[in-house]
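The analysis underlying the following values was restricted to heavy atoms, covering all of them including side chains, and did not include hydrogens, waters or symmetry mates.
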Amino acid sequence: MQFPGMGRPQVGFIIDADLGNSIDDVLALALLYGLEGKNECRVVATVTSKSNFQSAALFEVIGRFYAGAVSAAFAAVGRTLPVGMTGNGKSSPSTPILDAPLARKTPENTPLYVHGIESFNDTADPLAVLRNALTAQHDQNAIVFLAGPATNLAKMLELPGAVDLVAAKVRYLVVSAGRFGAGDNDPQIVADIPAAQKLFANWPTPVIAAGAELSSFAPFPGALVDPNFAWSKAHPVLDAYLAAGKMPYDAPTTAMHAALYAARPKADLYKLSSSGTITVDANGRTAFTPAANGKHNYLIADPAQAETITKIFVELASAKPVPRQPRFRRPQADVDAAKPKPEPAKPYPPKP
Amino acid sequence: MITRKALPRRTFLRGLGAAVGLPFLDAMAPALSAAPKAPVRMAFVYVPNGIDMRHWNPEWEGPMQELPRILKPLEQFKSDITLFGNLTHNNGRALLDGAGDHGRCCGAYLTGVQPRKSAVDIKVGISCDQIVANEIGHLTRFPSLEVGLEDARQAGDCDSGYSCAYTNNLAWRSEKQPLPPVLDPRALFERLFGTGANLTPEERARQTKFRRSILDFVSEDTKRLQLNLGPTDKRKLDEYLSSIREIERQLQKAETDNAQVDPGMPKPYGVPADFAEHFRLMTNMITVAFQADMTRVLTFLVTREGTSRPYREIGIPDGHHPLTHHRNDPALMEKVAQINTYHTTQLAGWFEKLKSTKEGDGSLLDNSMIVYGAGLSDGNRHTHEDLPTLIAGRAGGAFKGGRRIVYRKETPMCNLFLTMMDRMGVHAEHFGDSTGRVDGLNLS
């Protein structure tokens, strides 16, 4: 909730990802929560385009993890955003990234990571989540982050007034999808080609794409996982990482690049293509056509920044949760300090 | 070929300064034609300050099981009711407008639009009842009826900068024009049955003085009509006219009671002092209005949003609104639950009347769809999701009833209203912040 007359809060991230299909989405989510802990942004909506309760559940688990303190029983309470989920009538298969953290138990054999998603109706209508989150943001104070098929965003654009709403509220859309160079077509685009075509054609704000060619640039170093996540006995991101491959392995980072650029666009960590237009052909191949008035760009790796980026990735993705303070309530210590000190009692009657 | 001229659907019994509509009679259908289809009525009954959701939401979904405490009074209508879960009004939320949830939730309830935060320059949207009334209102004497039970001002600031127009009205004819509810039973009665405009002040005084029934004024017309009716229609007409007479008797009693209860206080003429009696009187008249097809669209603001009305009649002298900010005090929460249950008890009385009123092969309730709900769920925290909502009636056989349907979180309430508008024959592409229509409600 935001209140007028109290200044604009940090930029709000609206996240739409097929969480569970690739570890870099999980790491990107951790990175954004890490940035939220540093008060650089806010995560204001989460939507999964993977039609699987487990995916929505992991979104909620990670959100709860970063919302509050971690106890031995991981009973973190705090804000829980409704998690939107694509409901196409078919459940997409679960993955070890989802299964591993959600299967963890306490010594009492209860789920270690608490979440409230047990059925389809515990997830939210993704279009309403996306649209409603936008209505609650100040103008030009939202960033939409897409790491997965464009299904939800393309449909959301079809809601009445949605294009104008997006134009008013969103600074830019950052897309972790496509390929801008040689290689196979990106499966994230291929998963829903018509949606991707609509999204690039109709999205009204600037779009910055991080293509699959960035996947191996500045990978997340597997050797640094254990030492950096060791502060917590129970960390859902770590559990997902360990389940996603045979350790030690370096994780792909396309979504992390997209997230980092989105949050710190002026940090000169990446090169940016010229302006142009991204299109998607019938086979799901993305193409970039330079155009002076184009609204699209794509990220280009800058090898000179690889080491810096890796350090930032590790620092942010493994950051400890910082429970969010009520924004407009001063810390109690400050309130107490500001109170006038009581004067010491004077003897009565006063001495002459 | 057998033909018979049917009695027009909009026949009135007329007399001096009075016109009484008629219920649907067999004589109104042409001979040998297919059985006439009764019209569907759409109504919205709104209660303020949210509802104690601990005693509203059951743990089950699907076919009806044991009803929670607040819904218990509706037990006998289990098969006529559909309960909903997770319906949300995003535009009731603060978004960027700060405090004022009571003003916003009521203004947004039937409009689906976030009200402009102003005590003077009001703006919201056309409410769904009025969209329907605009389309089908020409078919009935009144395009819509707006009723309520609590007197309230229409101007000024009623909630953190929100105009009283938002908290005290449900129906909006245009973005800037609310339709204030009729509160006085006498005024509603005269609006429905008496062409008061034709009466001189002297005639009105004379009518009041001698307490003549409005039926006396139309007795000649009634006799003429009865000559042409079959036995079923005669019985139906008798029952109908008796119910009007009963309302008149209640009105007179209410006015007499008022004088006895509080002779020294200026009270609105004709408004019963007792909440339950007021509720019963108004809903009796609504029933007759539905029965006579005087209108098919109703909004009923039980009490104004944010009201601090006490309920001394059930032993609760505290204001309703302050009670809902109970800070989890069990004693205060108990009182809120009692008020909520008291409301549904009155509602059950109305449903009973509707169900016992036969129409075609079913009842008036069968041919209605009556939304009962609130613009807040938890009145303590001012939440706008999972709003307490039920529909009574089967919309003329379209709705299954007897179930609880839990939708996905954040499902817009406007999706339900859009689906209801369809049933009224008004097919809009979207309404308010709808993202589509709701599933599971229809038989098909």
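For residues 79-91 of chain B, a heavy-atom distance under 4.5 Å to chain A picks out N86(B), N90(B), given by residue number.
Contacts between M85(A) and chain B at a heavy-atom distance below 4.5 Å involve backbone atoms as well as side-chain atoms. In this structure, no portion of E385(B) lies under 4.5 Å from any heavy atom of chain A.
Within a 6.0 Å sphere centred on NZ of K38(A), other residues, nucleotides and ligands contribute 12 heavy atoms or fewer. More than 12 non-hydrogen atoms from other residues, nucleotides or ligands lie less than 6.0 angstrom from CZ of R54(B). Annotation: Q65(B), atom CD; neighbour count of heavy atoms from other residues, nucleotides and ligands within 6.0 Å is above 12.
Note: P160(A) leads G161(A), P82(A), P160(A) in heavy-atom pairs under 4.5 Å with chain B. Counting heavy-atom pairs closer than 4.5 Å to chain B, the top residue among D122(A), T123(A), V83(A) is T123(A).
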Checklist entry - Should N121(A) and E61(B) be marked as a side-chain contact (heavy atoms from CB on, under 4.5 Å) after you check the CA-CA gap, both sets of side-chain angles, and the distance that decides it? => result CA-CA 11 Å; N121(A) 291 337; E61(B) 54 185 293; 3.5 Å; yes
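In this view, K155(A) satisfies the side-chain hydrogen bond (donor to acceptor under 3.5 Å, both in side chains) rule with no residue, not counting sequence neighbours.
Closest approach of L95(B) to A136(A), counting heavy atoms only: CD2-CB, 4.0 Å.
Atom CZ of R408(B) sits about 6.0 Å away from atom CG of D125(A), to the nearest 0.5 Å. The NE2 atom of H384(B) sits 12.0 Å away from the CG atom of N132(A) when rounded to the nearest 0.5 Å. Atoms CZ and CG, from R131(A) and D433(B) in turn, are 4.5 Å apart once rounded to the nearest 0.5 Å.
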